[in-house]
2 protein chains.
Amino acid sequence: MNGGGPAGAMNGGGPAGKVTIAGLAERLGISKASASYALNGQPGVSGPTRARVLALAAELGWYPSSSARALSQSRSGAVGIVLARSPEQLGSESFYMTVLAGIEAVLSEHDMNLMLRMVAPTEAPAPGRDLDVYRRWAGERRVDGVIVFDLFGDDSRPQLLSRLRLPHVMVGAAEDAQPTPFGANTTVDQGADAATLVEALHRGGHRHIAYVSGPLGLTHEAARRAGIHAHAHHLGMTTVFSASDYTADDGGKATTAVVAGLAVGSPDFPTAIVYGNDLMAIGGLRALKRRGIAVPGNVSIVSWDDSILCRLSSPGVAALARNTMELGRLSAALLLDTIAGHQRASVAMPAGVLHSRESLAGVVRQHP
Amino acid sequence: MNGGGPAGAMNGGGPAGKVTIAGLAERLGISKASASYALNGQPGVSGPTRARVLALAAELGWYPSSSARALSQSRSGAVGIVLARSPEQLGSESFYMTVLAGIEAVLSEHDMNLMLRMVAPTEAPAPGRDLDVYRRWAGERRVDGVIVFDLFGDDSRPQLLSRLRLPHVMVGAAEDAQPTPFGANTTVDQGADAATLVEALHRGGHRHIAYVSGPLGLTHEAARRAGIHAHAHHLGMTTVFSASDYTADDGGKATTAVVAGLAVGSPDFPTAIVYGNDLMAIGGLRALKRRGIAVPGNVSIVSWDDSILCRLSSPGVAALARNTMELGRLSAALLLDTIAGHQRASVAMPAGVLHSRESLAGVVRQHP
DNA sequence: CTGAAAGCGCTTACAG
DNA sequence: CTGAAAGCGCTTACAG
C-alpha cells in the first residue's frame, strides 16, 4: 500500500508491458513476496493463490525484469563468447556457426542467453583484445560464464578467467589439459582422429604423407601434428609437415611448398596430403590442379574438417566429419554445470568419422 | 557511513571484483552520488575529486554492475538478434556471420552487447518461434532493440515489435517499405542490382535467361524476381523463373527443372541462369555438369551473393558482390539511432558490383 | 560542488 | 500460508 501511490496505480493501469510484480500483487490483494513465490514455483503459497497469480501473469503478459532479477540474484542469465577470428574466416568456415548453434540450443533450453562478441584476430602467442572483454564482462557481471575457443600454448585466458572467478569452458582442449579453478574442458582426442586418418591412408597404400596444419601455436594443431607423426611412424610411414593459417590462399601456398622441386612419383613426393581445415584443403586442391598434379591420380587429399565446401567441390574432398553441433552442446552443458558449482573436470567429444570422397584413392603400387 | 557497516567493510576489504560504487565512495570519503557523477562524466563534482575517483576505479578494476545500471536506467545495453534458419544454412552461407560481424563492430564501439538466439527455421508464410523470443525479451527488458532478417510478405514481426514498443530494424527491406512505430529499415535496391545483372547478360548477347530464386515468400526475392523481369523485358529479353530454397541440393533440382526437356541451343533453352544465392549456384553448376551441359559453354551462371564458394569453385562462379559487413554496420547504427529516439525511416545499402568469373561468358551468335 | 534519500523491480530471510 | 522489510548496486532529482 504505502509507496504504491501514484506509481503503483500507473503500473496497475498502464499499457501492457509495464506490469511489475508489485502490480500483480496489488491487483490480487496479496504481497509481492507471495506473488514471487508463486511465479518461481517456490513453496510458501497456497495452491489457489498460486494459480491466480500465474493466470494473471499470463493474461497480462508479465515477465520478470531481467535486470531486477539479475541484481537480486547476482546472476545475469547470460553466457558470453568472444570470437577472435576475422569475419572472413568466421563466415567461410562453418565450424563456428555450427558450434554456436549447438551451444545456443542448450542455453535456450535452460533459459540462458548467449552474448556474442567479435574482436580482431589474436596472433597465437600474443594475448588479444578478448582479454579486455573478459575483464569487463566479469566486472560488470554481465555474463555468468564464458566459452573459449582456439586455445594456444601458454594461453593466458584460463588464468585470467580463474582470477576473475568467471566460470569458463575451453572448447577442444587437449585430452590431458588441467582445468583451472572455475574452469572445465571439452576435450577432443586428436590422437584418435589422427589415427583414423593415418590408418585409412595406410590401408590405401600410402607410405609418405604430408600434413598442412593451421598455426602451430594452437594446442590442437600441435596435438594433431604429434598424433599424425606418432601413428605414421608406428605404421612405418614417413611424414612431412607444413604450417599454414587456415585460409585457402595460404593453404595453396603451403601445398606448393610441400611438393616444390619434387617429381610426381618420386619417393619424396607425398602421395597424400592431410589439411587442418576445409578451406586449406580446397586451396590446396586448386594449387595442385594449377600445377598439373592430378587429384587423386597423383596425390590424395583429406580435410580434417568436413563441410559443404568439401561436399560441393570437384573432386569431392574426403573429410573427417565431426559432430560440431554436439561439441557445442557438450560445451554449453558443461558450462552450465560449472556455473551451478558442480565442477566436472572435462567432457570428451565423440571421435570423428572419415567421409571418403573422390579426392581419396589408393596408391598404384610401383614395381621396384 | 550508516548502512555501510559490515557489508561495506566486506566490499572495501574483499577480493578484487567485488568493488561497488559505495565501496569507492567510502574509501574516498565522498558520497555515492559524487562517485557516480565522476564515473559517468556528469557535472557535479570538482576536477580533483573526479580524478581521484577515476584513479581509484581504475586501480581496483571497478566496472558498473550491468544489472544495477540497467535497472536504474531502464536500458539493458544489449541488442538482440533471432536467426530463424537451419544451422546448416547459417554455417554454409557466409552472409549471416558477415553481417553479424558488421553489426557487432558498431555495437561494441558504442558499448552495446549483442544477444544472439537461433530458433527453428520459419516457414515463410507462418509465424515462427521467434515471436515468442521477442515477446519474452521485451517483457524481461533484456534487450533495447532488435535487428530482424528475412522479411516475408505479410510478416507479423514489425507489428508485434511495434506493439511491444521494442525498437527494431528490418534488414534488407524493400525500398518503399514503410517503417512501423519504433521501427526503421535498411533497404536494398533489388531493382538496381537486378539491372546490373541483366545488363551484363544482355551485353554478353544473352536474350533468354532464367532466375532460380529463394522462397518467393521473402519480400526481397519477390523484388528480385520483379526486377529481373522488368529489366529483361525492357531490353527485349525473355525470362523463366523457378523458386528454390537456398540449399545446394534443391538449387540443383530447380536447375534441372529449368532445362528439362530442352535441347541445348534451342530457343527455349536459357543461355544464362541467375541464382538467388551461392549455394544454389554451386548446386546448379553440379547439376549442369552431371547432365553434360557445359558452363559457360552452353550456359552461363551468376550468383546474387558472392562468397568463397563462388571464388573457389571451378569454374569460378560470377557473382554480385555486396558489402554485407557494411549492411550490418548500417543496420546497427540505424538501430542505435532508433533506440535513442532519433527516428530515421530508412537507410539504403550501397549497390552490388558484379564480379565476373569463368562461369560467365558471352553467347556465340547463331546464324539463322 | 556535495550529501542524504528515493527509486528501479525483483528475491529472500524473518516474523507472524 | 502470508506480509512487511531489507537488500542487490546503481542513478537521479532534490536540498544544502
Side-chain angles (χ1 to χ4, degrees), chain A residues 1-8 10-12 14 17-26 28-53 57 60 62-77 139-142, chain B residues 1-8 10-12 14 17-26 28-53 57 60 62-77 139-142:
Chain A
M1 272 180 164
N2 82 24
M10 295 290 278
N11 280 348
K18 306 293 292 176
V19 201
T20 70
I21 205 170
L24 295 178
E26 192 188 3
L28 295 169
I30 63 175
S31 72
K32 291 187 328 183
S34 300
S36 176
Y37 293 142
L39 264 355
N40 292 305
Q42 303 260 347
V45 270
S46 64
T49 302
R50 186 186 301 275
R52 287 173 59 221
V53 175
L60 299 181
W62 174 88
Y63 288 92
S65 153
S66 56
S67 50
R69 178 171 270 184
L71 184 58
S72 62
Q73 311 215 96
S74 304
R75 294 185 64 257
S76 69
E140 294 183 341
R141 264 136 293 180
R142 193 175 283 278
Chain B
M1 270 180 165
N2 81 25
M10 295 291 277
N11 281 347
K18 305 294 292 176
V19 201
T20 69
I21 205 170
L24 294 179
E26 192 187 4
L28 295 170
I30 62 177
S31 73
K32 290 186 330 184
S34 299
S36 176
Y37 293 143
L39 263 356
N40 291 304
Q42 302 259 347
V45 271
S46 65
T49 303
R50 184 186 303 273
R52 287 172 58 220
V53 175
L60 300 181
W62 174 89
Y63 288 91
S65 152
S66 58
S67 51
R69 180 171 269 183
L71 184 58
S72 63
Q73 311 217 94
S74 303
R75 295 184 64 256
S76 69
E140 295 182 341
R141 266 136 293 182
R142 193 176 283 279

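Here is the naming used below: chain letters follow the sequence lines, and residue numbers restart at 1 for every chain. Side chains included, hydrogens not; waters and symmetry mates left out as well; all remaining heavy atoms used. Every value quoted in this text rests on a predicted model; they were computed, and no experiment measured them.
Nucleotide C:dA6 holds its P atom 12 Å from the NZ atom of B:K32, rounded to whole Å. Straight-line distance from the CG atom of A:L71 to the C1' atom of D:dT11: 12 Å, rounded to whole Å. One can place CD1 of A:I30 at 13 Å from P of C:dC10, the figure rounded to the nearest angstrom. Rounded to whole angstrom, the span from the CD1 atom of B:I21 across to the P atom of C:dG3 amounts to 13 Å. For B:E140 and C:dC10, the CD to P distance is 10 Å, given to the nearest whole Å. The CG atom of B:L24 sits 16 Å away from the P atom of C:dT2 (whole-angstrom rounding). Rounded to whole Å, atom P of D:dG3 lies 11 Å from atom CG of A:L28. The nearest whole Å value for the distance from the CD atom in B:E26 to the P atom in D:dG9 is 13 Å.
In this structure, NZ in B:K32 is found 8.0 Å from CD1 in B:I21, a value given to the nearest 0.5 Å. The line from CZ of B:R142 to OG of A:S66 is 4.5 Å long, rounded to the nearest 0.5 Å. The CZ atom of B:R69 lies 13.0 Å from the OG atom of A:S67; values are rounded to the nearest 0.5 Å. To the nearest 0.5 Å, atoms OG (A:S65) and CZ (B:R141) are separated by 5.5 Å.
With a 4.5 Å cut-off on side-chain heavy atoms, B:V45 and B:I30 do not count as touching.
Checking C:dA13 for Watson-Crick or G-U wobble geometry (two distances, each under 3.5 Å) identifies no partner in any strand. D:dA4 makes up no base pair with any nucleotide shown, lacking Watson-Crick or G-U wobble contacts both under 3.5 Å.
Judged by distance alone, the side chain of B:R50 and the main-chain N or O of B:S34 form no donor-acceptor pair under 3.5 Å. Here the side chain of B:R52 pairs a donor or acceptor atom with the backbone of B:L28 at under 3.5 angstrom.
Of the side-chain N and O atoms in A:Q73, one or more sit less than 4.0 angstrom from OP1 or OP2 of C:dT12. Regarding contacts with the backbone of D:dT11, every side-chain N or O of B:S72 stays at 4.0 angstrom or more from both OP1 and OP2. Between A:R69 and C:dG9 there is no side-chain polar atom (N or O) within less than 4.0 angstrom of OP1 or OP2.
Within residues 34-50 of chain B, the residues approaching DNA chain C are B:S34, B:G44, B:V45, B:S46, B:T49, by heavy-atom distance under 4.0 Å.
Nearest to the side chain of B:A68, among D:dC8, D:dC10, D:dT11, sits D:dC10. When distances are taken from the side chain of B:T20 to each of D:dG9, D:dT12, D:dT11, the shortest belongs to D:dG9.
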